[in-house]
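We name chains A, B, ... by the order of the sequence lines, and we start the count at 1 in each one. It should be emphasised that the depicted structure is a prediction, and the values quoted were computed from it without experimental measurement.
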Amino acid sequence: MTNYVLDLINRSMGGGRPPSENDVLPEPPKNGKRAYVDAALRETDRPARKESIALSGVFRSYANSQGSFTPALQNIDLEIEQGEFVCIVGPSGCGKSTLLHLLAGLDRPTTGEITVDGGAVKGPGTDRILLFQELGLFPWLTVRQNVEFGLKMAGVSKNERRDRARIFLRMVHLSHFEEHYIHQLSGGMKQRVALARSLALRPKILLMDEPFAALDAQTRDMLHDELERIWKETSPTIVFVTHNVREAVRLGDRVLLMSFRPGRIKTQFQINLQRPRHVEDSDVAYLSKEILGQLREEIDRSFNAEYSREEKR
Amino acid sequence: MKKSVNQLIFAAGVLAVWEALALAKIWPPYLFPTPQGVAQSLYDGFKDHSLWIGIGVSLRRVVIGYAISVVLGILLGMALASNKFLEDTLGRVILSLQSLPSACWVPVALLWFGLSEAAIIFVTITGSLLAVTQSTKAGFDNVPRILSMAGRNLGAKGPQMFWHVLLPASLPYLLDGLRQGWAFAWRSLITGEMIYISLGLGQLLMTGRDLNDINLVVAVMVLIAFLGYLVDSLVFRRLDASVRNKWGMAATAAS
């Protein structure tokens, strides 16, 4: 069964080995889901979209305490289309966050090139907004002032700032909390403020670094729905980093699996399941299982690397 | 409510012990002040305006000196925080200068500025400048990296980063330094005012000494302490409370 699905995934990616007669045809998944999954992974006639982000031969390494260099990202070649929702999964320490920081222009690649809409990324820009895992909300500002921050930096007039902040606060259902300070909000609310603050700048590209990792399952489900809705309404390109495979399958048009240090893109999965999806959907679960199998290998590698390092001490 | 009752009981207790000690005449009355004597000195001083003039003159000086310290201290602190070379060189010098009491600067002030207003203000600045500098540096050093990254990410550049991210983010530290700087400015001012006939509260202290009037000396001391406390609770404690409130930090024991 595993081979069968992987084969389907590979075929849908245009790669992999051709099916042979020796292939044992698997049992169909329970609940008669096979046809659905089959359809989900089939190449569909998606309209060709314009390329938004391109990385070619990107390396990033950091000097470590021993005076040598630890490679964080190795040879990343990647193209992301305009309006595409790409999810990146991988074990801790695979360079997922580094990749987002590079895209945001907050960090530079050691070698290689990153272009956005054809122009090289030279630093931070408000066309690419990164939603940090730690949020980075400003505690001295109210919720509304936080959402207005980027607009204020861009020189937008006070009234327009206010109006636009209100639109996005309504979008994330926080209209009643405009004048609250950050510490007065719950975790999920803070998350939504950060989302509204990012969206208020109407970025063409939204980079999200494990944004929902610290939330409880109910809040996360709700924010998945909201994010999907907002994505449909404002159609930014989204690069979404997570360690939660189900979340990735729930949200992404495409899921990239990264390998443990140095981070490389190990496999790509095109997710053609119909939207709206749900984390509990059995076809989401089914695909997740396949991706998780491969992710486990990387997690094992990361554990082994940690243990061997400890033994050396 | 309970707090103010406690404070009242404490004040009454102190006065009672003080009065008892004065009545016991353990020390000669020209060395040991009495509550009545101090109260009389305060009354006389306010009545003949000498205390009012002292307060006015001293406040003006401390405000000028403190304002200069704040501006210079913040600039210096920022420079130290942003430049490794300055931190390793000037930063060390500043740390060692901090152990000099402001009295050490009085001879320098006299040589440079003579018996003048500038000399007194100079001494005031030596007291508070370094406290403000150190706390500004600490504040900027401790701005969480995530906040400055968020600022850059959202399009803040150059001076915008300073005014809208770094300065407000370092405010909790900065405020501590401003508060401490104020207290130090007061202390140094009094030292500076003892130099010559300066009309300030410091000079009134010396007048008390010259006239062998222990009650006047204590009266002026009480007044200085009270003024310092008043400004601290009217200005700094309120600012502190408002910052803590916004940031959601626990209230200090003092407020």
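Contact annotation for B/V165: both backbone and side-chain heavy atoms come within less than 4.5 Å of a heavy atom of chain A. The contact between A/L201 and chain B is made entirely by side chain atoms (from C-beta outward), counting heavy-atom distances below 4.5 Å. Heavy atoms of A/L137 lying under 4.5 Å from chain B belong exclusively to its backbone. A/H101 touches chain B through its side chain: at least one heavy atom from C-beta onward sits under 4.5 Å away, while N, CA, C and O do not.
Taking the six-membered ring for Trp and thresholds of 30 and 60 degrees, B/F113 and B/F122 have ring planes inclined between 30 and 60 degrees apart.
Ion pairing of A/R220 with A/D216 is absent here, as no side-chain N (NZ or NE/NH1/NH2) approaches a carboxylate O to less than 4.0 Å.
Note that A/R161 lies outside the cation-pi zone of A/F149, set by a 6.0 Å cut-off to the ring centre and a 45° limit from the axis.
Note that CG of B/L189 is 15.0 Å distant from CZ of B/F184, once rounded to the nearest 0.5 Å.
Aromatic ring centroids of A/Y62 and A/F69 lie 6.0 Å or more apart.
In terms of heavy-atom pairs under 4.5 angstrom with chain B, the leader among A/R128, A/K152, A/Q184 is A/K152. If you tally non-hydrogen atom pairs under 4.5 Å between each of B/A150, B/G155, B/P168 and chain A, the highest count goes to B/P168.
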